[in-house]
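Heads up: the structure comes next, in structure tokens.
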Amino acid sequence: QVQLVESGGGSVQAGGSLRLSCAASGYSYSSRFSMGWFRQAPGKERERVATIEGFGRIIYAESVKGRFTISKDNAKNTLYLQMNSLKPEDTAMYSCAASRRGTLVGGGWAGDFGSWGQGTQVTVSS
């Protein structure tokens, strides 16, 4: 069983920055797991934001490339998402997810991840 707890969300103005964290725990968690950030805005489908495979490949959604950075601190079992130049369209509930697989086809989609956090809200005002 893997537990994921997100933090770092909040309200910012457009152009601002936030850093999300996701702390992983549980006897079965491994640093070789693939991890990802997903988001869902009201009335919209869940969207992949960024994933980092256990073997290191990183995938970003086109909409966040150049603005967001995903990283992982294996010593702390923590996943991060640095979000810069935030836009109102980035407003959503952001959730982290974990997969036991070290590599994922296409970098991984929501169905590839078996463990999910509760989410943290990010609101960007114009």
Side-chain angles (χ1 to χ4, degrees):
Q1 191 78 356
V2 176
Q3 291 80 43
L4 303 173
V5 179
E6 303 95 335
S7 61
S11 296
V12 296
Q13 290 194 327
S17 298
L18 284 173
R19 188 175 81 154
L20 305 184
S21 299
C22 172
S25 62
Y27 72 91
S28 63
Y29 177 76
S30 167
S31 61
R32 294 191 296 273
F33 282 13
S34 296
M35 304 287 291
W37 287 100
F38 293 79
R39 67 186 181 187
Q40 188 167 22
K44 294 188 177 181
E45 293 188 355
R46 184 163 50 191
E47 174 189 20
R48 182 179 70 177
V49 177
T51 58
I52 179 167
E53 292 180 305
F55 291 96
R57 182 172 65 159
I58 291 175
I59 301 291
Y60 292 102
E62 286 296 325
S63 59
V64 307
K65 276 184 180 178
R67 300 188 298 122
F68 290 11
T69 302
I70 188 171
S71 62
K72 191 167 63 161
D73 186 333
N74 290 330
K76 296 182 178 179
N77 289 349
T78 301
L79 178 73
Y80 300 100
L81 185 68
Q82 178 67 44
M83 304 186 295
N84 298 328
S85 302
L86 281 161
K87 304 175 181 180
E89 51 264 43
D90 294 318
T91 294
M93 179 70 76
Y94 285 70
S95 299
C96 71
S99 168
R100 295 175 179 274
R101 294 157 58 189
T103 59
L104 300 168
V105 175
W109 302 93
D112 295 317
F113 293 84
S115 298
W116 291 81
Q118 293 298 310
T120 185
Q121 178 68 36
V122 171
T123 302
V124 185
S125 57
S126 57

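Only a predicted model underlies this, so the values are computations on that prediction, with no experimental measurement involved.
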Got a sec, which residues hit side-chain hydrogen bond (donor to acceptor under 3.5 Å, both in side chains) with E6, two or more places apart in sequence or on another chain? none
Minimal heavy-atom distance between K87 and V124, with the atoms involved, is O-CB, 3.3 Å
Do M93 and V122 pass the side-chain contact (heavy atoms from CB on, under 4.5 Å) test, and can you show the C-alpha distance, the side-chain angles, and the key distance before you say yes or no? CA-CA 6 Å; M93 179 70 76; V122 171; over 6 Å; no
Partners passing side-chain hydrogen bond (donor to acceptor under 3.5 Å, both in side chains) against N84 (at least two apart in sequence or in another chain): S17, Q82
Heavy-atom closest pair (Y80 atom, W37 atom, distance to 0.1 Å) is O-NE1, 3.2 Å
Quick one: list whatever passes side-chain contact (heavy atoms from CB on, under 4.5 Å) with Q40, sequence neighbours left out. R46
Residues pairing under salt bridge (charged side-chain N to carboxylate O under 4.0 Å, His left out) where one sits in residues 25-36, two or more places apart or in two chains, turn out to be none
Could you pull out the closest heavy-atom pair between A14 and S126, with the gap in Å? CB-CA, 4.3 Å
Determine, for W109 and R48, whether the Lys NZ or Arg CZ falls below 6.0 Å from the six-membered ring centre while staying within 45 degrees of the axis. yes
Can T51 and I58 be said to form a side-chain contact (heavy atoms from CB on, under 4.5 Å), step by step? CA-CA 6 Å; T51 58; I58 291 175; over 6 Å; no
Tell me, with the steps shown, if I52 and L79 meet side-chain contact (heavy atoms from CB on, under 4.5 Å). CA-CA 9 Å; I52 179 167; L79 178 73; 3.7 Å; yes
Are T91 and Q121 close enough that some pair of their side-chain heavy atoms sits under 4.5 Å apart? yes
For F38, the other hydrophobic cluster members (4.5 Å side-chain criterion, sorted by chain and number) are L104, F113, W116
Which residues satisfy the salt bridge (Lys or Arg N to Asp or Glu O under 4.0 Å) test with R57, sequence neighbours excluded? E53
Nearest heavy-atom approach of I59 to G106 is CG1-O, 4.2 Å
Give me each pair satisfying salt bridge (charged side-chain N to carboxylate O under 4.0 Å, His left out) with a member in residues 15-26, each pair once, sequence neighbours excluded. none
Through direct or indirect side-chain contacts below 4.5 angstrom among Ile, Leu, Val, Met, Phe, Trp and Tyr, which residues connect to V105? none
Rounded to the nearest 0.5 Å, how far does CE of M35 lie from OG of S115? 8.5 Å
For S21 and T78, the nearest pair of non-hydrogen atoms, with its separation, is CB-CG2, 4.2 Å
Taking disulfide bond (SG atoms under 2.5 Å apart) as the cut-off, I'd like each qualifying pair that reaches into residues 94-126, sequence neighbours left out, listed once. C22-C96
Can you confirm whether L20 sits close enough to T120 that some side-chain heavy atom of one is under 4.5 Å from a side-chain heavy atom of the other? yes
Side chains of E47 and S63: does their closest heavy-atom pair fall under 4.5 Å? yes
Going by the salt bridge (charged side-chain N to carboxylate O under 4.0 Å, His left out) test, which pairs reach into residues 110-126, not counting sequence neighbours? R101-D112
Which residues pass the side-chain hydrogen bond (donor to acceptor under 3.5 Å, both in side chains) test with E62, not counting sequence neighbours? K65
Side chains of V12 and T123: does their closest heavy-atom pair fall under 4.5 Å? no
Which residues pass the side-chain hydrogen bond (donor to acceptor under 3.5 Å, both in side chains) test with D90, sequence neighbours left out? R39, R67
For Y60 and G66, indicate whether the former's side chain and the latter's backbone hold a donor-acceptor pair under 3.5 Å. no
For S95 against G119, the heavy-atom pair lying closest together: OG-CA, 3.6 Å
If I take atom NZ from residue K44 and atom CD from residue E89, how far apart are they, to the nearest 0.5 angstrom? 8.0 Å
